[in-house]
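Single-structure report; data block below.
Throughout, numbering of the chain's residues begins at 1 and tracks the sequence.
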Amino acid sequence: MKKTILLTILLSYLIATSVVSHESETSQTATFIKIWGFLKYHHPMVAKGKIDWDEAFTTGLKQVKLSRSKEAINLYYTTWINRLGKLEKCKACEVKDVSDDKHNLDMDWLKDSANFSKELIIQLLNIQANRNQGQNYYVSQVKGVSNTEFTNEKAYLDSIYPSKELRLLTLARYWNIVEYFYPYRFKTDQNWEAVLDEMIPKFESAADTTDYHLAILELTAKVNDSHAKFSTRNTNMYFGFKWVPFSFKIIGEKAVVTGFYNDSLCRKSDVKVGDVFMKIDGVPIATIVKKNSKYVGASNESVKWRDMHNILFNGKSETVETEFERNGVVSKKIIFRIGYDKLNYKWNSSNIKDTVKILEENVGYINLGNLQRNQVASVLAKVKNTKAIIFDIRNYPNQTMYLLSDFLNKDRRAFVKTSIPDINNPGTFNFSKDLYCGKKNASYYSGKVILLCNETTQSHAEFTMMALQTAPNVTIVGSQTSGADGNTSLITLPGGFKTWITGIGIYYPDGKETQRIGIVPDVKVTPTIEGIRLGKDEVLEMAMEIINKK
């Protein structure tokens, strides 16, 4: 009995020691990633590109992991920093208290006396106070817009499944870019430092190429940004290259058919618009969505559902078993799938093909997804004498917003301001002056203006809505937009993989936020299953009802 008790105690001790050791190692790696990233963007010797900082990561990480005591680790860091050379005094490098400013970075970790030696803290604070100014080898800004460009990052094209150190370099590169230059870091669901702690073990233990690529996909989704997309052949293979031949919309945890990509295959599978799918291969839609939610980068839930289009029904086999409802009858059905190259999918397409038309009771309709800049004058001439104009922005416009604003407004109107990353003080952001649209126009359009929107209204479409929203007598009808405005910034990861983040913050002139929130409708309307079955455009119908209301 005593031997059993002793064995149990010993086993419990070993398990506890293993957990503590693993947590300590993760914390140790996280600290290294943070110090490496801090030096990358702050220390002039590193920020000017005079050192191969990727190599410094892979060699330095190994050294830190070999260190068995806090004293040894601190000695490594202080020696490492000393080798970078002395700093020149920076008169422009004011260090302000940013703890109460949600747009700025909390740098209190530089003073972590529980883990850092006094000498290391002094070194880190000295670098912050005398940080790099002007040109930065790793980050620059696009002229005229000022969203960041992450330049001179090595692609490692032959490393689709690299070593553990290079996998952690991928995490470190992305995490620090977001830490210092993502204007919406303060709006992520998960604390960004907690993201680092969570993802380190996943990058370290990634068993193969697909596992590694899924870790990247999960990481990029954690910025909660509809611009943050990532895909590789391996992630596509994981979800399956075979697609169902129809478009769908998730409503009430059910997938409703909204249109066809391949008519003949839909006929072969006896699929009709309005069919409501509840299970796929015996698994409820809600379960599939919940399981894969961590892989979908989205600013809000409406976009998460929207972007399940390449996950929900996809697979590797030619067919998939489904459970669906039609006319109140629940049945099982085998659906034929098809390769993406034969799907006939068209981006930015809608069921409404007209660019402009006059609806009943003298109401103009303009589809901004179709409207080109060289068509604006002739299209506006057709609708200028209508009693109302409906601008359909459930699509991606073609840089027509300023011309349209000139037509709708009687004078110039401020419609947006931006937050811009400060490269000279990484982690902080400066607000631009207000941007204006419209012009003095004595013959501006005086009728009602309706803007239609939904979850496909993203980025430039949302920017367009903000401009058109300044016109007199505007009503927004529809549902939550994507909540991802602002120019995108490209991030290159080891393996030559690409992903994006929103590169500048977008706000109304009064400071009201748009990221994740989107452009808020005045009248909320979402499609219903019944409306889809009847072929109705319920958002457009509500717009007409508002126009004709006396």
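Residues forming a side chain to side chain donor-acceptor pair (under 3.5 Å) with N234 (at least two apart in sequence, or on another chain): T210. Every residue meeting the ring pair (Phe, Tyr, Trp, His ring centres under 6.0 Å) condition with Y41, not counting sequence neighbours, appears here in chain and number order: Y180, F181. Taking Y444 as the reference, nothing meets the ring pair (Phe, Tyr, Trp, His ring centres under 6.0 Å) condition, with sequence neighbours excluded. Checked against ring pair (Phe, Tyr, Trp, His ring centres under 6.0 Å), F336 has no partners two or more places apart in sequence or in another chain.
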* **Trace of the salt bridge (charged side-chain N to carboxylate O under 4.0 Å, His left out) decision for R394 with D537** => CA-CA 12 Å; R394 296 172 293 178; D537 185 339; 2.8 Å; yes

* Please test R326 against D270 for salt bridge (charged side-chain N to carboxylate O under 4.0 Å, His left out), starting from the C-alpha separation and ending with a verdict. => CA-CA 11 Å; R326 180 191 294 169; D270 184 31; 3.4 Å; yes

* Given the rule in the salt bridge (charged side-chain N to carboxylate O under 4.0 Å, His left out) test, do K249 and E455 qualify, once you have shown the distances and angles that lead to the verdict? -> CA-CA 11 Å; K249 183 178 180 66; E455 68 277 2; 2.7 Å; yes

* Test side chain to side chain donor-acceptor pair (under 3.5 Å) on D225 and T502 and set out the steps. => CA-CA 7 Å; D225 184 359; T502 302; 2.8 Å; yes

* To do: Begin with the C-alpha distance, continue with both residues' side-chain angles, and end with the deciding distance and a verdict on side chain to side chain donor-acceptor pair (under 3.5 Å) for S247 and T258.
  => CA-CA 6 Å; S247 60; T258 57; 2.9 Å; yes

* Asked: So T456 and N454, side chain to side chain donor-acceptor pair (under 3.5 Å) or not? Walk me through it.
  -> CA-CA 5 Å; T456 64; N454 63 9; 2.6 Å; yes

* Go through N473 and Y445 one step at a time and tell me if the side-chain contact (heavy atoms from CB on, under 4.5 Å) criterion holds. => CA-CA 10 Å; N473 204 6; Y445 184 76; over 6 Å; no

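Heavy-atom neighbours of E253 CD from other residues, nucleotides or ligands within 6.0 Å: at or below the threshold of 12. Heavy-atom neighbours of Q135 CD from other residues, nucleotides or ligands within 6.0 Å: at or below the threshold of 12. Within a 6.0 Å sphere centred on NZ of K202, heavy atoms belonging to other residues, nucleotides or ligands number more than 12. Dense packing is recorded around NZ of K222, with more than 12 heavy atoms of other residues, nucleotides or ligands lying under 6.0 Å away. Enclosure of atom NZ in K357 by more than 12 non-hydrogen atoms of other residues, nucleotides or ligands within 6.0 angstrom is indicated. More than 12 heavy-atom neighbours from other residues, nucleotides or ligands sit within 6.0 angstrom of NZ on K229.
Ion pairing between a basic and an acidic side chain is recognised when a charged N comes within 4.0 Å of a carboxylate O; E153 and K40 show such pairing. For the pair E513 and K187, the salt-bridge criterion is met [side-chain N within less than 4.0 Å of a carboxylate O]. One finds no salt bridge joining R516 and E301 here, because no Lys/Arg side-chain nitrogen approaches an Asp/Glu carboxylate oxygen to under 4.0 Å. Salt-bridge annotation for D263 and K268: absent, with no side-chain N of the basic residue lying under 4.0 Å from a carboxylate O of the acidic one.
In this pair, Y161 and Y212 present their aromatic rings perpendicular. The plane angle is above 60°, beyond the 30 to 60° band. Between F246 and F277, the angle of the ring planes stays under 30°, which puts this pair in the parallel group of the 30/60° scheme. Using a 30° and 60° split on the angle between ring planes, Y182 and Y184 fall in the perpendicular class, above 60°. Aromatic ring orientation, F497 versus F230: perpendicular (interplanar angle above 60°, classes split at 30° and 60°).
With a 6.0 Å cutoff to the six-membered ring centre and a 45° limit on the axis angle, R167 does not count as a cation-pi contact of F203. Geometrically, K512 does not engage Y507 in a cation-pi contact defined by less than 6.0 Å to the ring centre and at most 45° from the axis.
The list of salt bridge (Lys or Arg N to Asp or Glu O under 4.0 Å) pairs with a residue in residues 478-500, not counting sequence neighbours, is empty.
S226 approaches V303 most closely through the heavy-atom pair OG-CG1, 3.4 Å. For the residue pair K272 and F260, the shortest heavy atom distance occurs at CA-CZ, 4.0 Å. Nearest heavy-atom pair, F407 versus N441, reported as atom, atom and distance to 0.1 Å: O-ND2, 3.7 Å.
To the nearest 0.5 angstrom, Y138 atom OH is 9.5 Å from T151 atom OG1. Here I280 contributes atom CD1 and F324 contributes atom CZ; the two are 13.5 Å apart, rounded to the nearest 0.5 Å. Put simply, CG on N367 and OG1 on T355 are 6.5 Å apart, with the number rounded to the nearest 0.5 Å.
For the residue pair T488 and H227, no side-chain donor N or O sits within less than 3.5 Å of a side-chain acceptor on the partner.
A donor-acceptor distance shorter than 3.5 angstrom exists from the side chain of N224 to the backbone of D189, with no hydrogens or angles considered. Remark: side-chain polar atoms of T418 are not paired, donor with acceptor, to backbone N or O of I504 under 3.5 angstrom. Panel note: side chain K439, backbone D406; no donor-acceptor pair is recorded below 3.5 Å.
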Sequence neighbours left out, cut at 3.5 Å: what donor-acceptor pairs do the side chains of residues 519-530 make with other protein atoms?
| from | atom 1 | to | atom 2 | distance (Å) |
| --- | --- | --- | --- | --- |
| D522 | OD2 | I476 | N | 2.8 |
| T528 | OG1 | G531 | N | 3.0 |
| T528 | OG1 | E538 | OE1 | 3.3 |
| T528 | OG1 | E538 | OE2 | 2.7 |

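With a 4.5 Å cut-off on side-chain heavy atoms, I366 and I389 count as touching.
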